[in-house]
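Working notes, beginning with the structure itself.
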Protein chains: 2
Amino acid sequence: MLSNACKYAIRSVLYLAIHSNELKKIGVKAITEELETPQPFLAKLLQQLSRDNLVSSTKGPNGGFFLSDIDKQNTIWNVIESIDGTDKFDNCFLGLKKCNGENPCPVHFIVVPFKETILADFRDKTIEKYVASMEGTRQVITLKDLDSF
Amino acid sequence: MLSNACKYAIRSVLYLAIHSNELKKIGVKAITEELETPQPFLAKLLQQLSRDNLVSSTKGPNGGFFLSDIDKQNTIWNVIESIDGTDKFDNCFLGLKKCNGENPCPVHFIVVPFKETILADFRDKTIEKYVASMEGTRQVITLKDLDSF
DNA sequence: TGGAAAAAAGACATCATTATCTTTTTTACT
DNA sequence: AGTAAAAAAGATAATGATGTCTTTTTTCCA
């Protein structure tokens, strides 16, 4: 569904939302160590996110990446737009260009409700709210590929 | 979610389920013209499906591909197993290896119900039933990338 | 003002998916 | 038997995603 690149990007943004701020910037190296993602590859992704104003960064000593309060008003959807593009979500599950409610493919009515649910979440819920709901329901996990307890 | 290869394969199987039988075999060329898929690529996929006994075929003049009644007892899941493999469905939406109900990623509880619904459909519903339900609810469409009316 | 730290940028390498092309095998029909 | 039709099989090519490496730019700090 999402590319590896996009998964890395989403995890990075959530990680930065939780652990960084204007006063606490985090370097690529530290992020990749936490998230266990390929270092130069994630650097590229963070550059892209930075160009699209989804993460903030400063160069030089003590520089690094962080999420400003403004950045936290963006959504997962914005991240997907930046990295993968969102065309794929418009496409039929079986690849039929003309598939729609009038002219449904065999799995159309199974897939569409899911799409609407998850895409609404991605589109409407800000990063800030995402993090808040994770904390609220004890869903905070290390995004690292390790046990969190 | 599914590769192009797998989408082509599923569409081919459904197409053959509707339009072929032991007495009416269909050649690769005719199938690719209907489905608008790359000809040699689909040929490879049909070979694979044939090896896994998901479609039947005969060589020589008047030969071609078809679905026997036995073939129609298979499922979409079997097709996915044959072409893409099903590992991807076990993986977390954000790529976290340890994501589960105890230790959920931020989208876990949004994604899981969908997965269960659609995978149950793929796993339990035979091709035969799929075709029947398409007909029953007037969802029969040409699988071709064209208007069907 | 010089050195070091860090992101930014660009060029390059690798791999899987997608797709094509050619040859071989099987089979029906004359 | 010979020929043509069709799938089967194998080799090759093109593309995009993934990943790495090197150089440049910016900025802090001594």
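Just so we're on the same page: letters track the sequence lines, and every chain starts at 1.
Residue B/F65 places its side chain closer to D/dA8 than to any other of D/dA8, D/dG19, C/dA7.
When rounded to the nearest whole Å, the span between CZ of B/F66 and C1' of D/dA7 equals 12 Å. Between B/L49 atom CG and D/dA7 atom C1' the separation is 14 Å, expressed in whole Å. Put simply, CG on A/L35 is 14 Å from P on D/dG19, counting in whole angstrom units. Rounded to an integer number of Å, the gap from B/K88 NZ to C/dT17 P is 9 Å. With rounding to whole Å, A/L45 atom CG is found 12 Å from C/dA8 atom P. Nucleotide D/dG16 holds its P atom 15 Å from the CG atom of A/D84, rounded to whole Å. For A/R51 and C/dA8, the CZ to P distance is 8 Å, given to the nearest whole Å. The CD atom of A/Q47 sits 14 Å away from the P atom of D/dT25 (whole-angstrom rounding).
Put simply, the side chain of A/D124 never gets that close to the backbone of A/D121: no donor and acceptor are under 3.5 Å apart. A donor-acceptor pair is defined here as one N or O able to donate and one able to accept, closer than 3.5 Å; such a pair exists between the side chain of A/T32 and the backbone of A/V28. Although no hydrogens or angles enter the test, the distance criterion places a donor-acceptor pair under 3.5 Å between the side chain of B/N100 and the main chain of B/E102.
Counting any heavy atom pair closer than 4.0 Å across all strands shown, B/A43 reaches no nucleic acid atom.
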Report, as a single string ordered 5' to 3', how protein heavy atoms within less than 4.0 Å touch nucleotides 20-30 of chain C: B base, S sugar-phosphate only, - not at all.
B----BBBBS-
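Toward the 5′ end of DNA chain D lies the nearest nucleotide of B/G64, the other residue of the pair B/G64 and A/Y8 mapping further downstream.
For the pair B/S57 and D/dA8, the criterion of a side-chain N or O lying under 4.0 Å from OP1 or OP2 is met. Side-chain N/O atoms of B/S50 include none lying less than 4.0 angstrom from OP1 or OP2 on D/dA7.
No side-chain heavy atom of B/F66 sits under 4.5 Å from any side-chain heavy atom of B/K24.
Between B/I31 atom CD1 and B/L46 atom CG the span is 5.0 Å, to the nearest 0.5 Å.
Between the side chains of B/D52 and B/Q48, at least one donor-acceptor pair of N or O atoms lies under 3.5 Å. Looking only at atom types and distance, the side chain of A/K125 has a donor-acceptor partner in the side chain of A/S133 under 3.5 Å away.
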